[in-house]
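Please read the structure below before turning to the comments.
Only heavy atoms go into these numbers, but all of them, side chains included; no hydrogens, no water, no symmetry mates.
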Amino acid sequence: MEYLQREFSQLALNKDFHFHPRCKRLGVMHVCFADDLFMFCRADLKSIKLLQNAFLKFSRASGLQANPDKSSVYIAGINERMKELILEELGYNEGILPFKYLGVSLAPKKLSNQQCWPLVEKITVFLLPKKISKMIEAICRTFMWTGQADISRRALVAWDRVCLPQIMGGLNVINLCNWNKVVIVKHM
């Protein structure tokens, strides 16, 4: 996936590539989770061809391929003729928004708290010990779902404390920035 990230980083430097309008500010053109990949760009043929070519280059190098039967393209804000050209170019089926991913309905509009709750439940109930699960649920209910998070701009989570081991009062969450540095140094 690091190779894919590098390919997409190079693509972002290409003046012919255009980010999806909602992703440009963050510079996001893909999101990976487990064996799922979401790719985003503006719905113009040049950008789509460039994004597809970057993915195909990664696919040839890694041996990982998209399953056309399980892949979909979600297109909005363009005319039918352009939509047909894009679908023909990519060879994937057109998906319909909203769709569910990990129990959360994904739509072009901002998700409500109720729509996000199934994901929080899945993470806390199935992946974490019960004590930590209850703590995270309490934090979510207090800050995310009561609107208190909007009151101040200060951080709601003290990450230095959260990353401490449980015996020291933390949640034993791994600081990925530090972890990546250690792994890279160890690899060298």
Q | Common cluster, F38/L97, ILVMFWY with side-chain heavy-atom separation under 4.5 Å | A | yes
Q.
Applying side-chain hydrogen bond (donor to acceptor under 3.5 Å, both in side chains), can you list everything that pairs with S72, at least two apart in sequence or on another chain?
A. none
Q) Is there side-chain contact between K46 and H18, with heavy atoms separated by less than 4.5 Å? A) no
Q.
In the structure I gave you, are the side-chain heavy atoms of S59 and Q65 within less than 4.5 Å of one another anywhere?
A. yes
Q: Hey, could you give me the OH/CG distance between Y74 and N93, rounded to the nearest 0.5 Å?
A: 10.0 Å
Q: Decide yes or no for H30 and C32: does some side-chain heavy atom of the first lie under 4.5 Å from some side-chain heavy atom of the second?
A: yes
(Q) Nearest 0.5 Å, please: how far is NZ in K24 from SG in C41? (A) 13.0 Å
Q. What heavy-atom pair brings V31 and V28 nearest, and what distance separates the two atoms?
A. CG2-CG1, 4.3 Å
Q: State, with a plain yes or no, whether a side-chain heavy atom of F40 is found less than 4.5 Å away from one of L51.
A: no
Q. If you measure from CZ on F55 to CZ on R60, what distance do you get to the nearest 0.5 Å?
A. 11.0 Å
Q) Under the 3.5 angstrom rule, does the side chain of S62 hit a backbone N or O of F58 as a donor-acceptor pair? A) yes
(Q) On a heavy-atom basis, which atom in F19 and which in A12 lie closest, and how many Å separate them? (A) CZ-CB, 3.8 Å
Q. Has L13 got more than 12 heavy atoms of other residues, nucleotides or ligands less than 6.0 Å from its CG?
A. yes
Q) Do L4 and L37 come within less than 4.5 Å of each other through their side chains, counting heavy atoms only? A) yes
Q) Is the shortest heavy-atom distance from the side chain of Q52 to the side chain of E89 under 4.5 Å? A) no
Q: Could you grab the distance from atom CD of Q5 to atom CD of Q10, nearest 0.5 Å is fine?
A: 10.5 Å
Q: Mark yes when over 12 heavy atoms from residues, nucleotides or ligands other than K57 sit less than 6.0 Å from its NZ; otherwise mark no.
A: no
Q) Can you list the residues that meet the side-chain hydrogen bond (donor to acceptor under 3.5 Å, both in side chains) rule with D36, with sequence neighbours excluded? A) Y101
Q) Would you say the side chain of M39 lies within less than 4.5 Å of the side chain of M29, judging by non-hydrogen atoms? A) no
Q: Looking only at non-hydrogen atoms, find the nearest pair between S71 and A66 and report the distance.
A: OG-CB, 3.9 Å
Q. Linking I/L/V/M/F/W/Y whenever their side-chain heavy atoms sit closer than 4.5 Å, directly or via other members, would F8 and L26 fall into one cluster?
A. no
Q) With a cutoff of under 4.5 Å between side-chain heavy atoms, which Ile, Leu, Val, Met, Phe, Trp and Tyr residues group with L90? A) L45, I48, V73, I75, I78, M82, L85, I86, L87, Y92
Q. Would you call D44 and R42 a salt bridge, using N to O less than 4.0 angstrom?
A. yes
